[in-house]
Amino acid sequence: MTIDSLIDSIEAIPDSRIDTDVVRKAYEVAERAHDGQTRTSGEPYIQHPLHVAQTLAQLKLDTSTIAAAILHDTLEDTAVTKDDIREQFGPSVLRLVEGVTKLNKVQFKQSEGREYMLENLRKMFLAMAADIRVVLIKLADRYHNMLTLDALPQAKQRRIAQETLNIYAPLANRLGIGELRSKLEDLSFPILFPKESAWTQKIFEEEISKKRDVLELVQHELRELLEAEGIEVEGIHGRIKGLYSLYRKLLRYNKNINKIYDLAALRIILPDIPSCYTALGLIHKRYKPLVGRIKDYISIPKSNGYQSLHTTVITPKGGIVELQLRTQEMHQKAEYGVIANWYYSEQGKPSEGVAPMGGHMKWVQQLAEWQREIQSSEEFEENLRIDVFKNRIFVFTPQGEVLDLPDGATAIDFAYAIHTSLGHSARSCKINRKERPLEATLQNGDVVDIITNEHNKEAPQRTWLSVVKTSFARRSIKEWLRKVDRKEKISEGHQLLDHHIKRLKDLTFDEIPNARRKTLLKTLNLKTEDDLFLALGQGDLSPRAVMNNIFKKEDIIRPRKRQSGAFGFPFGKEKAAPRAWIDGHNSLITHLAKNCKPSVGHDIKVIINRGEHKSAVIHSATCKKIVQKELHPGEEIVDAEWDNTAETIGDISIELAAIDRVGMLFEITNLIRKTQHNIALMHADGSKTREGTVRVYLRVELHSLEEADELLQKLSRVQGILSVKRIEKIPPLQ
Ligand code: MN
């Protein structure tokens, strides 16, 4: 290769912005510096930097990168100084050459031990974080070295190939430069695995010879088909799968080549996204698609940002071909990855309709967006230097796995990024072997070892929420806390409800008949009792609202018939008999059984006699007659409920335990007066207990259950009142 052929090929690149004068000048400096030096193969050394520059020019990189590529070995191997480069090419070219020189010292010899290798991997990522173009020059350098590996002794060949396969090919892949990745892999493959490589090569050749004609035909037919429908085909390229990639796929598919449909694919470049979808429809009309092989990576891009429509069709001659439909921009991004973003922002082409890239490519998109805003080319040149890893840091697991996290990320983010359960059970961490708190902010290149708590117990802290930087960590912590909160809230709600019920009825919620609890849930439109407790615990539902739905007010307040005129202090017995509805009947029963004395607030049943002596009598549900079904002929037990429709006003009996102090009774009566209730009866049990407390009995007139609950609550808040309890009946004065 000569400088002239390099410049010719640069000028052949459409829309190239490379300043060929600078390229030529770089060549002159490098040529002079390397004069007399040869490669191991014997050819003049200058061939190497020229080839590296050529690769980068094909990848559409900028002038500085091409110049730096030509000069990349001068600082290390020749008399050229930093000042020389700075003076003639400016600081940005110098920075690139220096970066590559430093990276050249990075070797990934496994024989030197794991620590050494990790250390170097770290350096590599740090270089990348400083300027990605340094790494791109290094990749192109490696590619040319792989091409000229023959001249080296075998052991050295193997070492370099191993390093290429382990480090550089995955790196190219990560940067989205698929083509370079597959070239690097296919150059390493035969050196490291000669047998496997030969075997794959044989299978490949047999298969591809069958496909060649089919591909040719389909390519022709497709163009006709689409153009007949007015769809402009910007290009159709055949793509042959890389050998190493095919080998790995064969291993996954039991070495069955017939299961591999993408050995050869046709890439059809179309003007815009709508034409991609239209073309897909037309293609499926012509060729039968294979079930399960149609993939829409335009709507849902792959995690590395890849976009295309894929389908695999059966051609008339029976050959199976994979088709990939994409726009020129998607094609560029698939081929050139990171670099395509520069290219496109440089051209200022709008990328309309391109779905946002997800996952790991997000930062690339951020960079592209940001560069789109920059108009002047000078600024653009300078800004290329800004790393694509802006706002990202690279940190390592002790096993050498690399994680990229946002700037300012903590060890907690790190733990969650590895695994949710590791985050949940993290207790502390070691950063570069030193014990540190989990909240510590990580720095680029840190090696982080998460220490979990005993038995890997899940115990994320609420305070973590204010320090984590990644949304994944935040989401995981919140989710966990929500679950725990839920459990706590359910138990709180349960206790709260029990507390309220107990005060009114001396029951727990669980003791309330099943049917009633079911009705309650239905009424409140809740699915489970846990939902009910949760609503109570979270304060979405008041205990009072629940109680209202469990009890009728007559359950609590003993009904009396409204008396005409003002309410007096009727110390006597209630006159009006309570009434009950018979289930499913429209009749009211007022006869109370004498033996069991059913009272309002207790469950009841009615015994109907349809025989000679027609009657209907209300019994307590616990009455012996009901329980043991001691019925006379013609008698039948039916369900019944106390009537709550009658306009009633009732009263409630309360027992208080209070400290016997001066003014206590006054305070109680005063409180009740303030609530505007009438006290129907009040007396204190004079016999003091040993603790110096007295019992106070009250009967208070009320209108509703709400009032009852409110009053009980108010009383319980009075200082000196130790307990407040609703009772069925006030014991007689002694
Ligand atoms: Mn080199």
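For ligands, and for the atoms within them, numbers begin at 1 and follow the listed sequence. Along the sequence shown, the residues carry numbers beginning at 1.
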Checklist entry - Where does the angle between the aromatic ring planes of Tyr45 and His48 fall among parallel (under 30°), tilted (30 to 60°) and perpendicular (over 60°)? => result perpendicular
Next on the checklist: Quick check against the 3.5 Å criterion: does Ser5 have a side-chain atom that pairs as donor or acceptor with the backbone of Met1?
Outcome noted: no
Checklist entry - Does Arg24 pair with Asp4 as a salt bridge, N-O distance under 4.0 Å? => result yes
Next on the checklist: Among the N/O/S atoms of Asp73, which is closest to the Mn ion (ligand 1)? Give the atom name.
Outcome noted: OD2
Checklist outcome for this item: At the Mn ion (ligand 1), NE2 of His72 and OD1 of Asp141 open up to roughly (10° bins) 90°
Item to check | Check: His237/Arg267 side-chain N/O donor and acceptor closer than 3.5 Å | outcome: no
Next on the checklist: Looking at the Mn ion (ligand 1), is there an N, O or S atom belonging to His144 that lies under 2.8 Å away from it?
Outcome noted: no
